[in-house]
Amino acid sequence: MLSPLQALGRSTFSLVRTTGALALFAGRGVAASMSAPLFVGQLIRQLVQIGYFSLPVIGLTAVFTGAALALNIYTGGGRFNAEQIMPQIVALGITRELGPVLAALMLAGRVSAAIAAEIGAMRATEQIDALKTLSVDPFRYLIAPRLMAAMIVLPMLTAVADIIGVAGGWAVAVASLNFNGALYVKNTWDFLQSWDVVSGLLKSVVFGFIVALMGCYHGYNATGGARGVGRATTHAVVSAAILIFASDYLLTSLFSHK
Amino acid sequence: MTKPDTPSVGPKLELRGVSKRFAGKAVLKGVDIAVERGRSLVIIGGSGQGKSVTLKIAIGLMRPDAGKVLVDGQDVTRLGGVDQRKLAKAFGMLFQGAALFDSLRVWENVAFRLLNADGVKRPDAKDRAVAALGRVGLGPEVIDLYPGELSGGMQKRVGLARAVAAEPAILFFDEPTTGLDPINADVINALIVEQVQRLGCTAISITHDMVSARKIGDEIAMLHDGKILWRGPTKDIDQSGNPYVDQFIHGQAVGPITG
């Protein structure tokens with residue numbers, strides 16, 4: 001039985017060790033991304049897997065979120081006769097916060113899990129060892145293409161989520177709340193500043209890195225066969241989600257000074 | 001042919017005083033073993049005696065806590081990065097479960113090193129992969145299949161074709177017949193002997209299958225409790241005079257080795 005002090009010490013040591021291991025892993029991944037050889041075929045495959053196949057789930061999330069957000073803001077704004085500013089608030093909320101965060105969370109659920117499962121299974125079946133014996137660096141072949149692909153496609157997916165999210169708000173406003181469609185678009189367009197969109201896209205680059213990194217890290221370090229792969233998948237999704245929220249706050253604090 | 005600068009004398013591969021611990025438990029306790037060029041050494045031993053760890057240290061997948069690994073007399077124990085990948089070009093390995101890449105076709109698996117490390121053009125790499133597959137008895141009908149569409153025996157053959165496709169100087173075999181029926185196991189054993197002789201390379205295998213050990217090894221060494229207990233020519237193993245070896249090769253429950 002551990003004393004409370006021993007338990008605290010052990011947990012602290014474990015946290016420091018994991019943080020160090022993650023930092024080293026990320027460093028190796030970034031270094032591999034920036035040096036030759038670049039496995040172009042792998043990169044294209046990941047762009048399709050991570051980007052193209054995530055479009056439906058991110059589109060659906062964005063449209064319903066935009067619609068619900070419009071209803072909530074309209075209802076809340078009605079309490080002080082401010083219903084007409086709903087288009088501007090929806091646009092701001094989607095582009096600065098909900099677009100990038102929800103797109104990243106959906107990608108964490110879909111892609112972090114898939115990456116962790118795939119790389120974890122490769123670890124369990126010695127395919128990663130096989131890469132090394134075939135003179136290929138697993139960081140260049142497996143990790144770098146996933147990191148690069150996620151950082152490239154998440155801003156694109158976020159831009160799509162922004163447009164579809166605003167469209168969801170517009171649809172509800174026009175169909176249920178008697179807004180003029182053209183005026184809604186004009187108000188949104190006139191109100192939005194380029195930084196509202198750009199700051200969200202910049203966040204999503206960081207989120208993309210987190211999503212891929214968590215999947216790769218937990219998959220690469222999976223141990224214990226099928227059970228270990230399952231554990232890696234869970235850890236990848238949970239840690240990606242937490243890091244997305246934490247980095248969202250930090251980035252929002254940083255960007256809010258602009 | 002991918003062979004490192006080779007002095008003509010001395011062992012091709014040597015492990016000198018290699019030790020390894022996991023979670024405080026000593027798995028290898030100073031393993032000394034050397035393989036002469038062109039010879040085939042089989043390491044036998046029970047489960048959990050450190051055979052796989054020995055092989056992984058020899059091929060550079062794992063670093064020992066103490067001791068050295070020498071290839072052609074050069075210390076390669078602490079190689080990493082580009083140097084390790086260059087050295088790996090002299091190696092070929094058949095993994096226990098074949099370790100084929102699920103997402104690639106059979107020919108792309110066999111040509112993997114040629115395509116991704118040696119910079120060979122796809123048409124040339126495909127031709128060489130088809131030739132390598134032919135040498136292990138697999139015809140053109142399998143080249144575009146995925147590993148999941150093959151039987152266990154066929155996967156082992158593809159793994160062997162991949163190991164020899166770039167014509168390495170040293171071949172490693174990890175439990176090559178595990179999971180195969182006796183006929184397929186014999187086919188794999190025969191193919192291993194054929195490929196090792198064709199390439200004239202050095203081979204190191206680990207197995208607990210005595211039929212396989214007798215067929216593919218010029219020499220056999222027994223690993224037990226983290227050390228090499230006995231080593232000698234394959235033909236001498238029945239007269240080893242070592243009670244551990246006798247118990248193991250006859251598969252007896254009673255003897256100095258306890259479960």
Side-chain angles (χ1 to χ4, degrees), chain A residues 10 14 17 24-25 27-29 31-32 34-50 53 114-115 117-146 149 219-226 229, chain B residues 2 22-23 52 55-62 79-104 108-120 122 125 147-148 155 158-159 162-166 168 170-175:
Chain A
R10 187 167 289 189
S14 171
R17 192 173 51 188
L24 283 174
F25 188 92
R28 279 186 73 185
M34 295 193 298
S35 57
L38 171 66
F39 290 98
V40 178
Q42 284 295 304
L43 178 61
I44 292 169
R45 183 170 164 252
Q46 293 307 321
L47 288 171
V48 173
Q49 290 282 336
I50 297 174
F53 290 125
I115 290 175
E118 186 180 5
I119 296 181
M122 289 183 75
R123 168 66 73 195
T125 54
E126 297 185 303
Q127 291 178 52
I128 292 178
D129 284 344
L131 281 175
K132 293 178 188 171
T133 66
L134 292 165
S135 302
V136 171
D137 178 3
F139 271 78
R140 285 194 168 80
Y141 189 78
L142 294 176
I143 311 300
R146 284 165 173 79
Y220 197 84
N221 292 297
T223 52
V229 175
Chain B
T2 312
F22 290 102
S52 291
L55 199 70
K56 284 186 175 179
I57 287 173
I59 201 171
L61 291 173
M62 199 179 273
L79 284 189
V82 177
D83 292 334
Q84 178 62 42
R85 288 198 291 282
K86 273 185 190 165
L87 178 70
K89 289 188 177 184
F91 298 155
M93 178 154 174
L94 172 59
F95 286 84
Q96 186 173 347
L100 302 177
F101 304 119
D102 309 315
S103 57
L104 301 180
E108 290 169 324
N109 264 281
V110 175
F112 190 87
R113 174 183 285 170
L114 302 172
L115 288 168
N116 295 292
D118 297 344
V120 177
R122 277 179 82 83
Q155 287 185 10
V158 175
R162 184 175 70 179
V164 301
I170 307 176
L171 274 169
F172 296 86
F173 300 101
D174 181 2
E175 304 278 8

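Note that the structure is a prediction, hence the values are computed from the model and not measured. A note on names: the letters A, B, ... follow the listed sequences, proteins ahead of strands, and every chain is numbered from 1.
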Side chain, backbone, both or neither of B/Leu114 within contact of chain A (heavy atoms, under 4.5 Å):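 The answer is neither part of B/Leu114.
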Tell me, side chain or backbone of B/Asp174 under 4.5 Å from chain A's heavy atoms, or both, or neither?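 Only the side chain of B/Asp174 comes within 4.5 Å of chain A.
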So which atom in A/Leu134 and which in B/Ala117 form the shortest heavy-atom distance, rounded to 0.1 Å?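 Smallest interatomic distance, heavy atoms only, reads O-CB, 3.8 Å.
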B/Gln96 versus A/Glu126, closest heavy-atom pair with distance: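 Here B/Gln96 and A/Glu126 meet closest at N-OE1, 4.0 Å.
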List the steps and the verdict of side-chain contact (heavy atoms from CB on, under 4.5 Å) for B/Met93 and A/Lys132. CA-CA 10 Å; B/Met93 178 154 174; A/Lys132 293 178 188 171; over 6 Å; no
So, the side chain of A/Thr125 versus the backbone of B/Ala99: is there a donor-acceptor pair under 3.5 Å, distance only?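 Absent.
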Can you find a pair of side-chain heavy atoms, one from B/Phe101 and one from A/Met122, that are under 4.5 Å apart?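 With C-beta onward as the side chain, the pair touches.
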[X] side, atom [atom1]; [Y] side, atom [atom2] - distance, nearest 0.5 Å:
X        : Y        : atom1 : atom2 : answer
B/Ser103 : A/Glu118 : OG    : CD    : 6.5 Å
B/Lys89  : A/Ser135 : NZ    : OG    : 6.0 Å
A/Gln127 : B/Leu104 : CD    : CG    : 9.0 Å

Between A/Thr133 and B/Leu61, is the side-chain contact (heavy atoms from CB on, under 4.5 Å) condition met? List the steps. CA-CA 8 Å; A/Thr133 66; B/Leu61 291 173; 4.2 Å; yes
Is it the side chain or the backbone of A/Ile128 that comes within 4.5 Å of chain B heavy atoms, both, or neither?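 Nothing of A/Ile128, per the 4.5 Å heavy-atom cut-off to chain B.
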In terms of heavy-atom proximity below 4.5 Å to chain B, should A/Phe39 be classed as side chain, backbone, both, or neither?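 Only the side chain of A/Phe39 comes within 4.5 Å of chain B.
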